[in-house]
Number of protein chains: 2
Amino acid sequence: MGTSLNRVEEEDYSSYTNSSDFISISLEDNNNTTTTATSTSKSSSELHPVCLPPHVTTWQKLNHRLREIFFPDDPLHIFKDQSWRRKLVLAFQYVFPILRWAPHYSLSLFRSDLIAGLTIASLAIPQGISYAKLANLQPIIGLYSSFVPPIVYSVLGSSRHIGIGPVSVASLVMGTMLDGEVSHSNKKDLYLELAFTSTLFAGLFQASLGIFRLGFIIDFLSKATLIGFMAGAAVIVSLQQLKGLLGITHFTSDMELIPVLESVFNSIKEWKWETIVMGFCFLIFLLVARFISTRKPRLFWVSAAAPLTSVILSSLLIFLLKSKLKHVSIIGHLPKGVNPTSENKLYFHGPHLQLAIKTGIITGILSLTEGIAVGRTFASLHNYQVDGNKEMIAIGFMNIVGCCFSCYVTTGNYILNVHHNWSFSRSAVNYNAGAKTIFSNIVMAATVLVTLLFLMPLFHYTPDFVLAAIIITAVVGLVDYKAALRLWKLDKLDFVACCCSFFGVLFISVQIGLAIAVGVSVFKIILHVTRPNTVVLGNIPGTQIFRSLNHYENATRVPSFLILSIESPIFFANSLYLQERISRWVRGEENRIRENNERALKCVILDMTAVTAIDTSGIDAISELKKNMDKRSLQLALVNLVGTVMEKLHQSKTLDSFRSKGLYLTVGEAVDDLSSSWKHWP
Amino acid sequence: MGTSLNRVEEEDYSSYTNSSDFISISLEDNNNTTTTATSTSKSSSELHPVCLPPHVTTWQKLNHRLREIFFPDDPLHIFKDQSWRRKLVLAFQYVFPILRWAPHYSLSLFRSDLIAGLTIASLAIPQGISYAKLANLQPIIGLYSSFVPPIVYSVLGSSRHIGIGPVSVASLVMGTMLDGEVSHSNKKDLYLELAFTSTLFAGLFQASLGIFRLGFIIDFLSKATLIGFMAGAAVIVSLQQLKGLLGITHFTSDMELIPVLESVFNSIKEWKWETIVMGFCFLIFLLVARFISTRKPRLFWVSAAAPLTSVILSSLLIFLLKSKLKHVSIIGHLPKGVNPTSENKLYFHGPHLQLAIKTGIITGILSLTEGIAVGRTFASLHNYQVDGNKEMIAIGFMNIVGCCFSCYVTTGNYILNVHHNWSFSRSAVNYNAGAKTIFSNIVMAATVLVTLLFLMPLFHYTPDFVLAAIIITAVVGLVDYKAALRLWKLDKLDFVACCCSFFGVLFISVQIGLAIAVGVSVFKIILHVTRPNTVVLGNIPGTQIFRSLNHYENATRVPSFLILSIESPIFFANSLYLQERISRWVRGEENRIRENNERALKCVILDMTAVTAIDTSGIDAISELKKNMDKRSLQLALVNLVGTVMEKLHQSKTLDSFRSKGLYLTVGEAVDDLSSSWKHWP
């Protein structure tokens with residue numbers, strides 16, 4: 001390799017020496033795209049020219065910028081250099097990923113998917129019923145939502161291992177938000193209409209995010225804040241389940257910690273010991289099953305089968321002892337039959353439309369974060385690509401179709417911790433059960449269909465306490481204290497963001513908690529930009545390398561020089577700070593030199609490698625700084641200006657004042673050239 | 001200098017060779033603060049060790065961080081190493097800057113200040129009357145506000161050339177906001193109370209920003225957005241003045257462009273030709289005077305004296321022709337006498353308190369941006385320091401005291417364009433008139449006092465049209481089209497921010513315009529962080545320097561290597577984007593190699609110099625990337641990790657997977673070492 005480098009060197013040296021002709025061309029010659037701008041005094045032979053970047057038109061810049069914002073993953077690269085016919089096929093496959101795998105589908109794949117599908121169905125049926133209750137909907141809606149959406153997704157979605165259905169957090173949020181304005185017990189029909197309408201808006205919002213390629217906005221819910229949010233939501237959801245577990249009949253509809261706890265302890269007289277005993281028995285059974293599965297992933301089926309087993313056992317128990325256990329609350333009658341259509345139940349006029357839209361957007365964005373994270377996790381495990389925006393369209397359409405067939409918001413189940421220590425979720429079970437394609441979801445849907453058509457009466461005696469136990473077991477994994485500890489260890493600010501969203505959800509409200517979470521995350525970015533680091537560099541002896549004096553103990557100061565590295569773009573938000581901070585560094589260095597009787601400071605070198613952008617305030621700051629240094633008779637040199645920064649400084653004529661001994665390619669060259677020029681002084 | 005560098009080298013080379021003993025110490029030995037972590041195969045002799053930064057406790061980090069946020073300018077450095085007695089003196093001087101210059105005050109300074117003070121008084125009196133009308137207050141309030149606040153400021157403030165008094169934009173905003181809820185014509189007393197109360201809250205807000213050292217938040221109103229905002233406000237203010245200039249009696253109280261224009265043309269019957277003729281004559285006179293002064297700064301007194309001249313001439317004219325010009329609207333009776341106290345007029349209970357607080361905060365922040373910018377401009381011209389937070393306390397106290405003496409919000413007059421092409425402002429006049437200390441403001445206050453005591457009857461016949469002409473002339477300079485053009489040339493996004501705030505103010509409302517301005521500015525930062533640049537680096541032939549292939553045309557690709565520079569910290573907002581983008585770069589490079597039949601890609605080097613921070617999402621992204629590259633059998637090397645980033649990657653164990661051939665100090669060393677290691681392969 002050393003030789004090859006030399007080869008390159010020899011080949012290109014001629015062109016390099018040619019280009020050194022440009023050195024003396026003035027900066028003002030703007031039309032020449034290869035204008036070279038430097039101050040090279042030929043005295044130092046190693047000096048390399050600093051040149052302006054080639055001219056790029058505003059249109060090209062805008063084009064590049066927009067492409068990076070909206071098409072960072074270049075989704076159309078598969079169409080490149082293909083025949084028209086192939087392009088058409090690819091386009092169909094792009095829109096309907098089912099066309100990619102269906103033609104190659106085999107019996108062995110089917111066998112895996114069948115087992116996986118049946119396994120997740122055994123989980124999906126009790127979870128569907130439970131989550132619907134969380135959203136204050138009839139249990140049957142949860143089953144409907146586990147039938148139509150998985151089928152839609154298997155046609156449109158590109159993740160292979162996701163398990164589709166209602167999820168706890170989105171159900172909770174929908175329940176809270178709608179119930180805050182329209183009581184689910186007094187205005188049942190209106191509530192149902194609003195739920196379907198919210199689902200429609202959630203779907204429209206999700207799909208349009210995908211279509212307009214704005215999917216990146218869900219990244220603003222950082223993992224740190226989601227950990228806190230999910231944990232808070234899980235605590236709230238679990239506490240809510242005390243209603244079912246303790247057999248309380250009068251319960252608050254509030255969602256915050258304090259009213260819920262008050263409600264629990266104020267209604268201590270309503271507690272029913274039979275319910276409590278049975279409820280906690282099943283809860284312990286489910287938790288033990290969950291514990292076994294997390295310890296030994298091979299025994300995943302234990303926790304997958306436990307909920308259905310509990311439902312069957314408890315229903316049997318209640319059925320057999322129904323004369324003795326009269327006041328245990330049960331699901332009661334459920335209508336048989338496949339999803340009824342519900343497009344006539346959508347609510348487009350009236351005072352609650354705004355509520356439906358708001359609920360739709362919030363549940364939509366929450367379920368997107370869940371679904372996309374699931375898709376990405378499995379894609380990364382199996383080395384296939386999942387296009388986030390494409391997935392959003394699939395999830396969006398699934399909800400749009402769903403809301404016309406009596407389904408509420410659905411998505412892929414969330415896996416919070418990407419470090420393989422998954423929460424107990426349907427997708428994880430699907431994966432462990434050996435699902436090979438998304439066909440497992442069709443199997444699940446078929447199983448749910450059979451249930452809907454024939455098995456509904458079996459759920460008549462299912463007690464509420466077992467549903468509560470199932471929900472608690474499902475959300476317990478969302479409290480990811482290990483991830484929170486890791487945040488504390490690695491990044492205190494991330495931990496603060498996590499805590500803010502946790503306590504926000506717990507004590508204020510779900511929406512405010514979410515807003516706080518996003519706010520803190522954005523604040524973190526702003527804080528970093530507002531107060532960037534400036535680092536003093538020193539020379540690593542025997543080299544031309546300059547590194548932070550704090551970091552590298554063997555780095556040494558170069559006498560008469562103050563070398564500062566600015567570790568951030570210079571924006572309006574930090575331009576004044578940087579000016580003041582650099583002045584303070586200079587003052588501090590002058591004091592230090594005075595105390596140690598060293599050689600006087602002559603030059604300040606700014607290493608601009610990390611200054612990757614600049615705005616007009618930044619440009620003004622640089623020219624102010626230059627004036628300031630001139631007044632103190634210090635030389636100011638800029639090293640390694642990034643292309644765009646250099647261009648802007650050039651256009652604003654700020655670079656002109658740096659033309660003589662002010663622009664260098666590396667810190668080493670700047671130090672050599674400047675110090676050798678002082679030698680020639682009298 | 002070359003020799004001195006060699007000297008340093010020799011001295012420290014021993015310690016350097018000693019430290020290379022650390023090379024083999026494992027990264028896990030966390031307690032040893034000088035732990036060195038690298039992968040140095042001794043094959044390549046020039047390889048320099050990459051070491052962890054010295055251990056810093058969380059407390060130290062927090063301490064450092066807080067100091068940088070709140071005390072970036074280290075305001076207490078003057079107290080360092082001083083005797084107790086001296087410290088006390090300095091502390092008094094710090095709180096009351098008047099103590100700094102008053103003991104050294106001389107007759108020659110007084111002469112300069114006297115002339116400057118009289119000059120700005122001749123400007124302040126007509127402007128004070130006019131601006132008070134802009135805030136829908138009685139003209140006398142404007143004079144009161146030019147008396148007490150300048151005196152308070154001269155004791156507490158540290159800027160020497162500022163001119164204190166009411167300003168146009170803050171007056172406009174107060175007028176708009178208060179009048180939107182409480183009509184100034186119907187509820188005169190309540191309106192006045194609210195104005196004083198808003199002033200109190202403005203002062204409290206300003207002072208507490210300063211005391212809690214949160215002054216940096218005004219930097220979020222970037223210069224670009226202020227240019228737009230000021231221009232929009234100036235247009236609105238000028239259009240409002242058509243009422244006075246055209247002699248209209250029924251006029252809208254709205255502030256937006258469209259209702260104002262409608263109001264002007266709907267009341268075409270009310271236009272009075274006498275008013276129009278005289279008004280435009282005086283307007284032209286004032287504009288010409290202004291034009292002369294901006295062309296020849298020596299003739300600054302022309303524009304400084306013009307307003308008072310106009311007032312005197314027009315008053316005389318109306319007085320002499322009062323029988324013929326009956327329906328020209330005039331100021332009328334003004335009470336004689338010094339400021340009455342108004343602390344009993346503060347409004348603390350009732351439905352409009354929130355309005356007063358909101359108005360106070362917005363006018364407070366607007367007048368801060370004006371005042372601080374003025375102070376900083378002159379400080380930079382005269383090479384003295386102005387502590388922004390200190391100034392805010394001074395301005396805040398000035399308003400707190402002011403509101404108890406019938407004054408409304410005051411500040412230093414704004415100078416928008418720092419490039420010496422100042423708007424026509426009181427501070428600029430003060431400066432040009434030769435003010436040496438802030439004593440010029442005391443002279444001005446004294447002149448205003450004389451006016452208040454004896455000359456008030458003279459303003460009885462001052463016509464409204466001349467006040468309108470004075471306001472228009474004053475705000476015309478706020479439309480800084482040259483600065484806007486410069487924004488367009490230098491930074492398109494800054495120009496967009498400027499336009500947003502301009503049109504926001506013009507068509508929506510002042511508050512919304514301001515909110516849009518801040519929003520766009522923050523969005524700019526977020527956008528830069530969300531979609532950072534990644535740049536392919538190439539070798540500059542004959543050197544160990546690696547620079548952008550796009551920027552330096554002589555840079556050449558190194559075969560088998562893809563060298564990427566990541567130009568941003570890695571945060572949650574960009575971690576996924578960067579992962580995808582790097583994958584795309586690799587894909588693109590592999591395609592390019594295939595097309596050109598070059599040597600296969602073996603290694604991806606990430607130059608992390610500009611990655612100045614990382615959060616937990618970023619850490620996960622790096623380890624995901626490493627896994628991804630491992631799957632493609634590509635080596636991944638990180639170059640020049642910044643201290644904090646390195647520490648976090650180490651703590652999260654991510655660095656462990658880079659220990660062998662994965663960490664380098666420079667790109668050159670990485671290329672040399674990796675390529676030489678491949679040579680030994682079969």
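All values derive from a computational prediction rather than experimental measurement. By convention in this document, chain letters (A, B, ...) are assigned in the order of the sequence lines, proteins followed by strands, and residues within each chain are numbered from 1.
- Heavy atoms only, all atoms of each residue included: B:His528 and A:Ala613 are closest at CE1-CB, 3.2 Å.
- For B:Phe220, the parts lying near chain A are the backbone and the side chain together; criterion is any non-hydrogen pair under 4.5 Å.
- Contacts of B:Val642 with chain A are made by both backbone and side-chain atoms, with heavy-atom separations under 4.5 Å.
- Shortest non-hydrogen contact noted between A:Thr612 and B:Ala610 is CG2-CB, 4.1 Å.
- Heavy atoms closer than 4.5 Å to chain B are found nowhere in A:Val535, neither backbone nor side chain.
- Between the OG1 atom in A:Thr609 and the CZ atom in B:Arg547 there is a gap of 6.0 Å [rounded to 0.5 Å].
- The environment of A:Arg632 atom CZ is dense: over 12 non-hydrogen atoms of other residues, nucleotides or ligands sit within 6.0 angstrom.
- With values rounded to the nearest 0.5 angstrom, B:Ser617 atom OG is found 8.5 Å from A:Leu487 atom CG.
- Residue contact with chain A, scored on non-hydrogen atoms closer than 4.5 Å, involves the backbone of B:Phe71 exclusively.
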### Query
Step by step, would you call A:Arg486 with B:Asp620 a salt bridge (Lys or Arg N to Asp or Glu O under 4.0 Å)?
CA-CA 12 Å; A:Arg486 183 166 174 269; B:Asp620 292 343; 2.9 Å; yes
### Message
Pair B:Tyr552, A:Leu665 - check side-chain contact (heavy atoms from CB on, under 4.5 Å), show working.
### Response
CA-CA 11 Å; B:Tyr552 290 91; A:Leu665 202 60; 3.1 Å; yes
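- Only the side chain of B:Asp494 comes within contact range of chain A, with heavy atoms under 4.5 Å apart.
- By number of non-hydrogen pairs under 4.5 angstrom with chain A, the leading residue of B:Asp491, B:Ile217, B:Asp607 is B:Asp491.
- If you measure heavy-atom distances from A:Thr530 to chain B, the contacts under 4.5 Å come from the side chain alone.
- Across every non-hydrogen atom of A:His551 and B:Leu641, the tightest pair is CE1-O, 3.7 Å.
- Residue B:Pro532: no heavy atom, backbone or side chain, is found under 4.5 Å from chain A.
- With chain B as partner, the option from A:Glu580, A:Lys492, A:Lys524, A:Arg581 having the largest number of non-hydrogen pairs under 4.5 angstrom is A:Arg581.
- Of the listed residues (B:Gly643, B:Ser521, B:Ala573), the greatest number of heavy-atom pairs within a distance under 4.5 Å of chain A belongs to B:Ser521.
- The nearest pair of heavy atoms linking A:Phe572 to B:Asp219 is CD1-O, 3.2 Å.
- Residues B:Lys489 and A:Gln651 share a closest heavy-atom pair of O-OE1, 3.3 Å.
- Using a 4.5 Å cut-off between heavy atoms, A:Arg584 contacts chain B through its side chain alone, with no backbone atom that close.
- The 12-atom threshold is not exceeded at CG of A:Asn550, counting heavy atoms of other residues, nucleotides or ligands nearer than 6.0 Å.
- With rounding to the nearest 0.5 angstrom, the OG1 atom of B:Thr616 is 6.5 Å from the CD1 atom of A:Ile227.
- Both the backbone and the side chain of A:Leu490 come within contact range of chain B, with heavy atoms under 4.5 Å apart.
- Options B:Leu493, B:Leu527, B:Val522 differ in how many heavy-atom pairs under 4.5 Å they form with chain A, and the most are formed by B:Leu527.
- The CD atom of B:Gln544 sits 8.5 Å away from atom CD1 of A:Ile545, with the distance rounded to the nearest 0.5 Å.
- In terms of heavy-atom pairs under 4.5 angstrom with chain B, the leader among A:Leu576, A:Thr666, A:Val56 is A:Leu576.
- The structure places CG of A:Asn533 at 6.5 Å from CZ of B:Arg65, a figure rounded to the nearest 0.5 Å.
- A:Thr58 OG1 to B:Trp488 CH2: the interatomic distance, rounded to the nearest 0.5 Å, is 6.0 Å.
- In terms of heavy atoms, A:Ile525 sits closest to B:Val529 at CG2-CG2, 3.7 Å.
- For the salt bridge (charged side-chain N to carboxylate O under 4.0 Å, His left out) test, residues two or more places apart in sequence or in another chain that qualify with A:Lys61 are A:Glu647.
- Looking at B:Ile69, both its backbone and its side chain come within 4.5 Å of chain A, counting heavy atoms on both sides.
- Other residues, nucleotides and ligands contribute over 12 non-hydrogen atoms within 6.0 Å of the CZ atom of A:Arg587.
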